[in-house]
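Input: a single structure, listed below in structure tokens.
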Amino acid sequence: MIKNIHEVFEELEAAPHEEAAKAILRYNMTAGMRAVLRANFHPHIKFVIDELPSYRENDAPIGLGDTSIHKEINRIYLFEENNPRVDPNLTLERKKQILVQILESLEAKEAKIFADMIMKRIKVKHLSKELIEEVFPDMFTY
């Protein structure tokens with residue numbers, strides 16, 4: 001069963017040492033996790049959102065949200081600077097509306113991670129660009 005991203009991050013926070021954190025990352029590496037880590041830590045990925053729009057936090061119980069980062073991560077390209085897949089007619093205002101829709105559909109913990117990823121400010125104990133490069137040397141190559 002695939003864990004939500006926040007569950008993996010909570011395991012990383014509780015990891016007693018870096019080797020345990022590496023094992024947690026290896027065991028829980030999914031396409032969604034990979035995309036979150038790349039988006040947050042890759043130096044060439046930049047986002048057009050410079051300030052998070054306000055949104056209503058989803059009050060769904062953990063595990064019962066409308067969606068998850070694993071499902072919504074496929075739309076992350078909409079917020080990337082100069083992504084050729086983005087329709088040039090898609091305005092910044094519309095992108096913010098889409099972001100609000102995504103954040104409001106995610107469980108609160110997942111929404112925080114998604115928002116922090118867009119702002120490139122995910123902070124989790126043991127999680128760093130250097131650790132990711134060590135565990136997954138090809139993570140930041142295209």
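Since the structure is predicted, the reported quantities are computational estimates derived from the model, not experimental observations. The first residue of the sequence shown is numbered 1, and numbering continues consecutively from there.
Taking the charged nitrogens against the carboxylate oxygens, Glu93 and Lys96 have no contact shorter than 4.0 Å, which rules out a salt bridge. In summary, Lys3 and Glu11 engage in a salt bridge, as defined by a charged side-chain N under 4.0 Å from a carboxylate O. Salt bridge Lys22/Glu134: present, at least one basic N to carboxylate O contact under 4.0 Å. A salt bridge is defined here as a Lys NZ or Arg NE, NH1 or NH2 lying under 4.0 Å from an Asp or Glu carboxylate O, and Glu10 with Lys109 meets this definition.
Heavy atoms only, all atoms of each residue included: Ala15 and Ala20 are closest at CB-CB, 4.1 Å. In terms of heavy-atom proximity, Ala115 sits nearest to Leu52 at CB-CD1, 3.4 Å. Contact detail for Gly32 and His70: the closest heavy-atom pair is CA-ND1, 3.7 Å.
No single ILVMFWY cluster, assembled from side-chain heavy atoms under 4.5 Å apart, contains both Ile2 and Leu12.
Two residues are said to be in side-chain contact when any heavy atoms from C-beta on lie closer than 4.5 Å; Phe79 and Ile98 meet this criterion. Leu92 places a side-chain heavy atom less than 4.5 Å from the side chain of Ile49. Residues Ile76 and Met117 meet the side-chain proximity criterion, which asks for heavy atoms closer than 4.5 Å. Side-chain contact check for Ile122 versus Phe9: some heavy-atom pair is nearer than 4.5 Å.
The backbone N or O of Ala108 lies less than 3.5 Å from no partner atom in the side chain of Asn58, so there is not a single donor-acceptor pair. Of the possible polar contacts, one joining the Glu104 side chain to the Arg56 backbone as a donor-acceptor pair under 3.5 Å is found. With hydrogens and angles ignored, the 3.5 Å screen pairs a side-chain donor or acceptor of Glu7 with a backbone N or O of Asn4. Glu81 places no side-chain N or O within 3.5 Å of a backbone atom of Lys46 that could act as its donor or acceptor partner. Asn28 places no side-chain N or O within 3.5 Å of a backbone atom of Val8 that could act as its donor or acceptor partner. With hydrogens and angles ignored, the 3.5 Å screen pairs no side-chain donor or acceptor of Glu107 with any backbone N or O of Ala60.
Cation-pi geometry between Lys120 and Phe47 is not satisfied (NZ or CZ under 6.0 Å from the ring centre, within 45° of the ring normal).
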**Request:** For Phe41 and Leu127, run side chain to side chain contact (heavy atoms under 4.5 Å, CB included): C-alpha distance rounded to whole Å, both residues' side-chain angles, the deciding distance at 0.1 Å, then the answer.
**Result:** CA-CA 10 Å; Phe41 291 105; Leu127 193 60; 4.0 Å; yes

**Item:** Tyr55 and Leu106: CA distance, side-chain angles, deciding distance, side chain to side chain contact (heavy atoms under 4.5 Å, CB included) verdict
**Value:** CA-CA 11 Å; Tyr55 66 96; Leu106 292 167; over 6 Å; no

**Request:** Tell me, with the steps shown, if Asn40 and Asp116 meet side chain to side chain contact (heavy atoms under 4.5 Å, CB included).
**Result:** CA-CA 8 Å; Asn40 189 76; Asp116 286 349; 5.7 Å; no

**Prompt:** Yes or no on side chain to side chain contact (heavy atoms under 4.5 Å, CB included) for Met139 and Arg34, after CA distance, side-chain angles and deciding distance?
**Reply:** CA-CA 8 Å; Met139 177 70 76; Arg34 184 178 184 83; 3.6 Å; yes

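Results of the side-chain contact (heavy atoms from CB on, under 4.5 Å) test with Asn89 over Asp87, Thr91, Val86 single out Asp87 as the only residue that passes.
Other residues, nucleotides and ligands contribute more than 12 heavy atoms inside 6.0 Å of the NZ atom of Lys95.
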